[in-house]
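Remember, it's 1-based here, ligands and their atoms both numbered in the order they're listed.
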Amino acid sequence: MVDKALGGAGLRGQVAGETALCTVGTTGHQLTYRGYGIETLAEKAEFEEVAYLLLRGHLPNVNELQDYKARLKSMRGLPEKLKEVLERMPKDAHPMDVMRTGCSMLGVLETETDFSQQDDRIDRMLALFPEIMCYWYRYSHDGVRIDTLKDDESIAGHFLHMLHDKPPKELHRKAMHASLILYAEHEFNASTFTARVCASTLSDIHSCITGAIGSLRGPLHGGANEMAMAMIEGFDDPDHAEREMLAKLERKEKIMGFGHAIYRESDPRNAVIKRWSERLAEDVGDTRLYPVSVRCEEVMWREKKLFCNADFFHASAYHFMGIPTKLFTPIFVTSRTTGWAAHVKEQRAKNRIIRPSAEYTGPEHAEWVDIQDR
Ligand code: COA
C-alpha cells in the first residue's frame, strides 16, 4: 500500500518537479508569481503585465507592455475555418467542450511545427480564446455572427465588449483584469500538471493546452464557480442560505467553491475577489446574492472550518458584470493559458519525460485459461 501520509492519496505533498513560476502556500505571501505576491499583482498590474511576467520571465517596462498589448491585439481575428467549426457546435454544447475543440482546431490550422514558434502560438491563443468563447456563445444563443475585431486595448475589455456589444465600463474592465490575474497561475494543479506531462513527451503546444482544458473541465477543478453560482441563485436570502447549507452538510454533500487541496486556512485569492464582488454588488444595487454569499462563507467556516477558495465569490462577481454562468470556466481557460503555457516553456527548457511508477495492487500470478474454458 502507498503510505497516505507520504502523499499516496492524490499525490498530496509529493514534489513532482521544479518550477520558478509560482509558490502556493510556502512563502510569506501565500501565493506568488515569480516572487510577486498575488495581492500586489491583483491591485497594481494589468492582466497583460502578468501574462508577460509569466511568459517572458520579468515584469515589462512601459514600452515592453505597450508592444506586448499591441502584439496581442494584432493577433486577433478568427480563421474562417475555425468560425465554421464554432457555428456547428450547438447551443447546449458544454462550453468547455467548445474551448477544447476550438483550441484543438486552432492546432490543426496553425500547427506548431517547431518549438521556436512557441511564443507566437501562445500569444495567438491568448488573443483568440475570448473570441472563440464569444463567437460561439453569441452565434448559438443570439443568432449573430459577431465582428470580433474590436478596438479595446486589453483582453479584459475585448472580451466584455464582444459579449455585450458595447465597450465595458471602467469598473468592469478593472474587475476583469483582477480576476484574470487571480486565475493566471497556480503551480502543479491538475490542469497544469496535465500540460506539463504532455509537454514532456515533446508534443506540440496546442495538444498541451487542449489536454489542460480537459482537466480544468472537471467540477473539482475549474467547474466550481459555475456550480457555486447555481447554488447561491437558489437561495432567497441569507437565512434561507444558512438553512440549506446546514442541510447540505448534514447530507455530507460537497459544496462547490469551498476547500482546497493545499491551502489549509484560507485561499489568498478569495479576499481579493470578495472585495470586487462587494463593489460590483453595490454598483448593481444587489441586496441578495452578495449577502447570501457572505452567509454561506460564515456557515462553512463556523461548521466545518472550510473556507472559500478562488471560485466562490467569482460566481457573484461575474454575475454582477452580466456574464452568463456558462462562460465562467471558459474565462478561467483564457487566464490560465498564461500559466499553462509558461509551464510548458519551463518543461521544454529542461525536459525529461514524466513517467512515474505505480504501486501494483493486482493479483500476483494469474493462470491462463483458454477462451472456450472460461
Ligand atoms: N464541501 C464539503 N466538504 C468538503 C469540501 C467541500 N467543498 N472540501 C473538503 N471537504 C471535506 C472532505 O470531504 C474531507 O472530508 P473527510 O475527511 O470526511 O473525507 C475534508 O473536508 C478534508 O478534505 P481535504 O483533504 O481538505 O480536501 P481534498 O484535498 O481532498 O480536496 C478539493 C480539495 C478542492 C477537491 C475539495 O475541497 C473540493 O472538492 N472542493 C469543492 C470543489 C471546488 O471548489 N474546487 C475548486 C478548487 S480551487
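- Cation-pi geometry between R145 and Y135 is not satisfied (NZ or CZ under 6.0 Å from the ring centre, within 45° of the ring normal).
- Distance screen at 4.0 Å: atom 19 (O) of ligand 1 has no protein heavy-atom neighbour inside the cut-off.
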F258/F307 under ring pair (Phe, Tyr, Trp, His ring centres under 6.0 Å): CA gap, chis, key distance, verdict: CA-CA 5 Å; F258 287 86; F307 53 86; 8.5 Å; no
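- Among the atoms of R269, none of the N or O lies under 3.5 angstrom from an N or O of ligand 1.
- Under the 6.0 Å distance and 45° angle rule, K305 counts as a cation-pi partner of W301.
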Evaluate W276 against H314 for ring pair (Phe, Tyr, Trp, His ring centres under 6.0 Å), listing each step before the verdict. CA-CA 9 Å; W276 273 110; H314 255 108; over 10 Å; no
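- For atom 5 (C) of ligand 1, the nearest protein heavy atom lies under 4.0 Å away.
- Short contacts between ligand 1 and H260, defined as distances under 4.0 Å to a heavy atom of the residue, involve ligand atoms 26 (O), 33 (C), 34 (C), 37 (O), 48 (S).
- Below 30°, between 30° and 60°, or above 60°: for H260 and H186 the angle between ring planes is above 60°, a perpendicular geometry.
- Here L220 has heavy atoms under 4.0 Å from ligand 1 in both its backbone and its side chain.
- For ligand 1, the polar-atom distance check against G257 finds a nitrogen or oxygen pair separated by under 3.5 Å.
- Heavy-atom distances between K248 and ligand 1 stay at or above 4.0 Å for every pair.
- Residue-ligand proximity, A224 to ligand 1, at heavy-atom distances under 4.0 Å covers atoms 43 (C), 44 (O), 45 (N), 46 (C).
- Taking only non-hydrogen atoms, the option from E253, K305, K254, H186 nearest to atom 12 (C) of ligand 1 is K254.
- By the 4.0 Å heavy-atom criterion, H221 is counted among the residues contacting ligand 1.
- Put simply, the side chain of D236 never gets that close to the backbone of H240: no donor and acceptor are under 3.5 Å apart.
- Aromatic rings from H319 and F313 are positioned such that their centres are separated by 6.0 Å or more.
- When heavy-atom distances to ligand 1 are checked against a 4.0 Å cut-off, L249 has no atom that comes that close, whether in backbone or side chain.
- Stacking of R374 on the aromatic ring of W368 is recorded, both the 6.0 Å distance cut-off and the 45° axial limit being met.
- Within 4.0 Å of atom 16 (P) of ligand 1, not a single protein heavy atom is present.
- Side-chain atoms of T192 and E185 form no donor-acceptor pair, as typed in the model, at a separation below 3.5 Å.
- Looking at D267 against ligand 1, nothing comes within 4.0 Å, counting heavy atoms.
- Taking a distance limit of 4.0 Å, we find that atom 45 (N) of ligand 1 is approached by some protein heavy atom.
- Checking only distances, I255 does come within under 3.5 Å of ligand 1, N or O to N or O.
- Residue R12 has at least one nitrogen or oxygen atom sitting less than 3.5 Å from a nitrogen or oxygen atom of ligand 1, judged on distance alone.
- Short contacts between ligand 1 and R264, defined as distances under 4.0 Å to a heavy atom of the residue, involve ligand atoms 26 (O).
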